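All figures in this text were calculated on a predicted structure; none of them were measured in a lab. Each chain gets a letter, A, B and so on, in the order its sequence line appears, and its residues count up from 1.
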There are 2 protein chains.
Amino acid sequence: MSAAHSGEVGAEAIRPPGATVRRAPSRSSRKRESSESLNQNGHRVTIDQVAREAGVSTATVSRVLAGIGSVNATMAAEVKRVAATLGYRPFGAARDLASGHHRSIGVVVPDLANPYFYDIIQSAQTAAAKDGYRMLIADSGGDPATELSMCEDLLSQAGGLIVQSSRMDVTALKSLAAHNSPVVLINRVEYGVDLPHVGVDNFSAMLEICHHLTSLGHSKAVYLAGPASSWQNQERWRAIQQARMMGLEATAITAEPTIQGGYAATDAALVERPTAIIAFNDLVASGVLARLRELGVDVPKKMSVTGFDDIVFAKFTQPALTTAVTPRAVLGEQAWKILKARLNGHALPEVPLVKAEVLIRDSSAAPPER
Amino acid sequence: MSAAHSGEVGAEAIRPPGATVRRAPSRSSRKRESSESLNQNGHRVTIDQVAREAGVSTATVSRVLAGIGSVNATMAAEVKRVAATLGYRPFGAARDLASGHHRSIGVVVPDLANPYFYDIIQSAQTAAAKDGYRMLIADSGGDPATELSMCEDLLSQAGGLIVQSSRMDVTALKSLAAHNSPVVLINRVEYGVDLPHVGVDNFSAMLEICHHLTSLGHSKAVYLAGPASSWQNQERWRAIQQARMMGLEATAITAEPTIQGGYAATDAALVERPTAIIAFNDLVASGVLARLRELGVDVPKKMSVTGFDDIVFAKFTQPALTTAVTPRAVLGEQAWKILKARLNGHALPEVPLVKAEVLIRDSSAAPPER
DNA sequence: CTGTTAGCGCTTTCAT
DNA sequence: ATGAAAGCGCTAACAG
């Protein structure tokens, strides 16, 4: 093969004499003190070096490493060997620029310290990784303004976005949609906003919880509500209100969506003299349980408590929590599926809200006789 | 200002006649169907468009948007206005390529579903974001082999790596170190491997837990061990063995580092007839508590149980868990501090292992009389 | 099947 | 203070 086997002399020598003489590359003196992924000599190993060393063209190296097209087996092996020897790792930015799209997707969540989000992140990450995408994550702290700018920001490094339980108002959401970038919402449904979403059918599940309670004989409950801007909270509360027709009287008291929040709000809830406390989620319910125990209120004999989500701990609280299983892994996969379709310009698959199964455990029972 | 105000005709027209004629750009026909961040017309808004529209050079736009160097205030305002109007968002890959380094760091954890890692991830993310870095996260699933390849992989998209509780063996760690890339380890100390680390002083904290137990009168305990390849587990076990000189006899039984794991391993632990069960972490301890409750074994009267980490739930278990507070947020910040120094070519700051404070709650007490 | 080569969009000299 | 222009390292036409 009389390939461009130029060895060490190569490139410079074969430049045609008539070519415009380029100004000597001042670049050689450009600062390069930040040592990120450089080899021993302080230089990044590039695809050109691999190509030269292996006696092939950069195109071939690219093909071999990407596993695209067909290449002579011997050649491929040699390329791989050289790449390994040199410790070559492609420079992602160059690849993305050349191919015209980022290989990362951004994920923004309201609170990285909340276990609820991790199951979704985990499954989305696994699914995306399978397709060669990495995941950038960011914590908006639950602040709507931060959330929007965070999204805008990520969009310059990511090919698409998965936005979890967005707290943005409709205007912000619309302005995000106007970017025309691949974005999918998780657990935020907003008609009139042109953004695909996946989510849990909170309404049905909460209605079922209410039904469970009324069939047990409860008629007076307190809802420890989550953030007002949260769609999930709105849906859950809507269901509880709907349950009035089943004979369930309920008032809402806002609580921080954390264990501490539930703990702190319990006393206020008790003032209403309910026989059941419906918590926004399992975190809140756990806090309620803890406070009730302190207060000596027997659960479920004197008070029924329900959660939502079925986080790992729900099964191990004392007593074990009655809750609704929101299939988080499914949500993550669905979100990626839609995003992927969007990235590839395919038609978006229709995914209905995911049903949440209600799990009756030990924290709910018939109300005490009055 | 007679700037290059070329309007729409611009570029092509002013090309000097003597210049080498480039082959007509076949690029115009290159596929561009993947709609990622394109504007209405299906084209990405580039810095050139902004520059042209604003009647300045791309260099100026770059300066304005990066806030670097000094630019005429009026001009800057105009550039910003145009950029906003056009919906311009810089293409991260191009920026990274031009500047020579990635603006992301990779974070790999053994298990994204483990709450222990949340606080670390969150604080590291916040700290890094402040310096303009994004965070790529990946879940290795706790598999050493996957972990290494995952790191290699990330290194082509990230400027540096934070590796949590690495389970890689020394050889793998060394090969990672050999890349000479900015990597910092969290909770994995390996002398002889040239990689900076931050971590918790597991040994001292566990020794203190043991001391707490012996001073209560315990002399026979079972350690529900974590993964053998985990440095934290090794350190904790080392402390327990050390505690023999304080009169604590202990045997180790391996358990999955999860609630389920603790639950499942409890029966085997009981066979040893200990008066105390020392769990690898809070998750395991929670499982133990759940099983013990089922079995009717009173904690702490009949059995003392201790955890490690002080995850949010530790305070709310029944009874509340005696544990060691590992300051996760501090770890995340320290890790970023070191990584940043490394990325900038500064000297690495020396950070000693973080002390963990032992928190005596209700799950530990004097052993029953025999 | 393989090599050549033109850019991808941006930053950063360097010259003005 | 501003502009011109040279690439950063890689991919993907395109031509053989």
Point to revise | Polar contact flag, side-chain donor to acceptor under 3.5 angstrom, B:S104-B:Q157 | key: no

Ignoring the backbone of [X], work out which of [options] is nearest its side chain.
{"X": "B:A98", "options": "D:dG3, C:dG9, C:dG3", "answer": "C:dG9"}
{"X": "A:T60", "options": "D:dG9, C:dC10, C:dT2", "answer": "C:dT2"}
{"X": "A:M75", "options": "C:dT2, D:dA12, D:dA1", "answer": "C:dT2"}
{"X": "A:T58", "options": "D:dT2, C:dT5, C:dC10", "answer": "C:dT5"}
{"X": "B:S70", "options": "C:dG3, D:dA1, C:dT11", "answer": "D:dA1"}
{"X": "B:S57", "options": "D:dA4, C:dG3, C:dG9", "answer": "D:dA4"}
{"X": "B:F91", "options": "C:dG3, C:dC10, D:dT11", "answer": "C:dC10"}

Revision key, fill the gap. Contacts of B:R63 and B:Y88 projected onto DNA chain C by closest heavy atom; the upstream (5') one is B:Y88

Check your understanding: Side chains of B:W336 and B:L343: does their closest heavy-atom pair fall under 4.5 Å?
Key -> yes

Point to revise | Residues in side-chain hydrogen bond (donor to acceptor under 3.5 Å, both in side chains) contact with B:D48, at least two apart in sequence or another chain | key: none

Practice item. Give a yes or no on whether a salt bridge exists between B:D153 and A:R89, defined as a side-chain N under 4.0 angstrom from a carboxylate O. Key: no

